[in-house]
Amino acid sequence: MSERIFGHIPGYPVGSWFESRAALSEAGLHRPQVAGISGTEGEGADSIVLSGGYEDDADWGNEIVYTGHGGRDRGTGKQITHQKLSRGNLALAKSRLAGLPVRVIRGSTHKSNYSPPHGYRYDGLYRVEDHWQERGRAGYYIWRYRLIKSAEAGIEDSQAATESKGSYSVPQRQETTVLRIVRDTKLTRKIKEAYNYHCQICKIRLEGSAGPYAEAAHIRPLGMPHNGSDSLDNLLCLCPNHHVLFDYGAFAIADDLSLIGIEGSLTLVDGHCLGQANLRYRREHYFLGS
DNA sequence: GGGCCCGCAGGG
DNA sequence: CCCTGCGGGCCC
């Protein structure tokens, strides 16, 4: 079993067509032969298939409301119990928390204007914007997921061809809208796990029904013109509040790791060293004090 | 086209 | 190991 890949699969651009689930699995676009959700409770979900198996699904092309799995009678396929936030359902929720991209595949048996006439078609990357439970048409609670087509698909398309090593796609750009889309990479996940999702400033650990939430913050930003490095000595594990305060220049970190601008001190676990040049860069370019 | 059932491979 | 899941083929 190979490593799970989040993001595009090299060699299979958006629009790629497959005759069967077996062919989809072989390509690595969606590995399970039958299940609609691919992923684990720990890693998150990397792909889904829309095949019309659940009557509550809705599809508007760039926006999908997908139904979780479980609670159905094996023989008749009818909903006979509530669905639980476990297995693939929890995996999709984890992808939301981590901002991971989900490959969406539409099958011909999925009844919508966006389904292919035959077989299965890879329709690109979506993000999980929301998840909640509601009563389905059969009267039992089902889990639902709102998926939004990724706006940065074009960037990733060109990137996927050259670079797709490892199990996480590398973000080129971070959307900074009201809702911060912070996509997990191998490194950002590593920093969060090193601190067990505790904020390095206030030590708080936020936990929702689908698990803990934290954000990885680059000290010296990535990309032009900052050109910070994507490495552990340039990363912090923060709660959303302190991430915002850090990015907006409310505080900075001194060479001796004391905080400037706010009270408190920075927590550092064994083996995590911060680059002094990174700390200096942040102080000089974002912090107004001193 | 609907119902049935034999499957696989993934994941806990 | 056991259980499950938006296949797929073959009946009728």
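Predicted model, so just to flag it, every value in this text is computed and none were measured. Residue numbers start from 1 in every chain, and the chains themselves are labelled A, B, ... in the order their sequence lines are given, proteins ahead of strands.
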Query raised in the report: Do A:Leu125 and A:Leu29 belong to the same hydrophobic cluster, where Ile, Leu, Val, Met, Phe, Trp and Tyr are linked whenever their side-chain heavy atoms lie under 4.5 Å apart, directly or via other members?
Result: yes
Query raised in the report: What do you reckon, are the aromatic ring centroids of A:Tyr281 and A:Tyr286 less than 6.0 Å apart?
Result: no
Rounded distance (Å) that lies between atom [atom2] of [N] and atom [atom1] of [X]:
X: A:Trp143; N: C:dC6; atom1: CH2; atom2: P; value: 17 Å
X: A:Asn89; N: B:dG12; atom1: CG; atom2: C1'; value: 15 Å
X: A:Arg144; N: C:dC6; atom1: CZ; atom2: C1'; value: 14 Å
X: A:Arg31; N: C:dT4; atom1: CZ; atom2: C1'; value: 17 Å
X: A:Ile37; N: C:dG5; atom1: CD1; atom2: P; value: 10 Å
X: A:Arg87; N: B:dG12; atom1: CZ; atom2: P; value: 8 Å
X: A:Tyr54; N: C:dG5; atom1: OH; atom2: C1'; value: 7 Å
X: A:Lys78; N: C:dC6; atom1: NZ; atom2: P; value: 17 Å

Query - Set of side chain to side chain contact (heavy atoms under 4.5 Å, CB included) partners for A:His110, sequence neighbours left out - result: A:Leu50, A:Asp59, A:Arg106, A:Ser112, A:Ser115
Query raised in the report: What residues form a side-chain hydrogen bond (donor to acceptor under 3.5 Å, both in side chains) with A:Ser38, not counting sequence neighbours?
Result: A:Arg4, A:Asp46
Requested in this report: Would you please name every residue forming a side-chain hydrogen bond (donor to acceptor under 3.5 Å, both in side chains) with A:Tyr122, sequence neighbours left out?
Outcome: A:His8
Query raised in the report: What pattern of brackets, bars and dots sums up DNA chain B from 5' to 3', given Watson-Crick or G-U wobble pairs under 3.5 Å, [ ] for crossing pairs and | for another strand?
Result: ||||||.|||||
Query raised in the report: Within the structure shown, what part of the strands sits under 4.0 Å from A:Gly70 by heavy-atom distance: base, sugar-phosphate, or nothing?
Result: sugar-phosphate
Requested in this report: Select base, sugar-phosphate, or nothing to describe what A:Gly107 touches, counting heavy atoms under 4.0 Å on all strands.
Outcome: nothing
For nucleotides 7-11 of chain C, which of its nitrogen or oxygen atoms have a protein nitrogen or oxygen under 3.5 Å away, and what is each distance?
unit_1, atom_1, unit_2, atom_2, d
C:dG7, OP1, A:Arg21, NH1, 3.1
C:dG7, OP1, A:Ser51, OG, 2.6
C:dG7, O5', A:Arg21, NH1, 3.1
C:dG8, OP1, A:Arg21, N, 2.9
C:dG8, OP2, A:Tyr120, OH, 3.0

Report summary line: Across all chains, not counting sequence neighbours, the ring pair (Phe, Tyr, Trp, His ring centres under 6.0 Å) partners of A:Tyr141 are A:His82
Requested in this report: Mind checking salt bridge (Lys or Arg N to Asp or Glu O under 4.0 Å) for A:Glu134 and listing every partner two or more places apart, or none if nothing turns up?
Outcome: A:Arg144
Report summary line: Connected to A:Tyr54, directly or through other members, by ILVMFWY side-chain contacts below 4.5 Å are none
Requested in this report: Give me the other members of the hydrophobic cluster that A:Leu274 sits in, counting Ile, Leu, Val, Met, Phe, Trp and Tyr linked by side-chain heavy atoms under 4.5 Å, directly or via other members.
Outcome: A:Leu187, A:Ile191, A:Tyr195, A:Ile201, A:Ile219, A:Leu232, A:Leu235, A:Leu236, A:Leu238, A:Leu245, A:Phe246, A:Phe251, A:Ile253, A:Leu257, A:Leu259, A:Ile262, A:Leu266, A:Leu268, A:Val269, A:Leu279
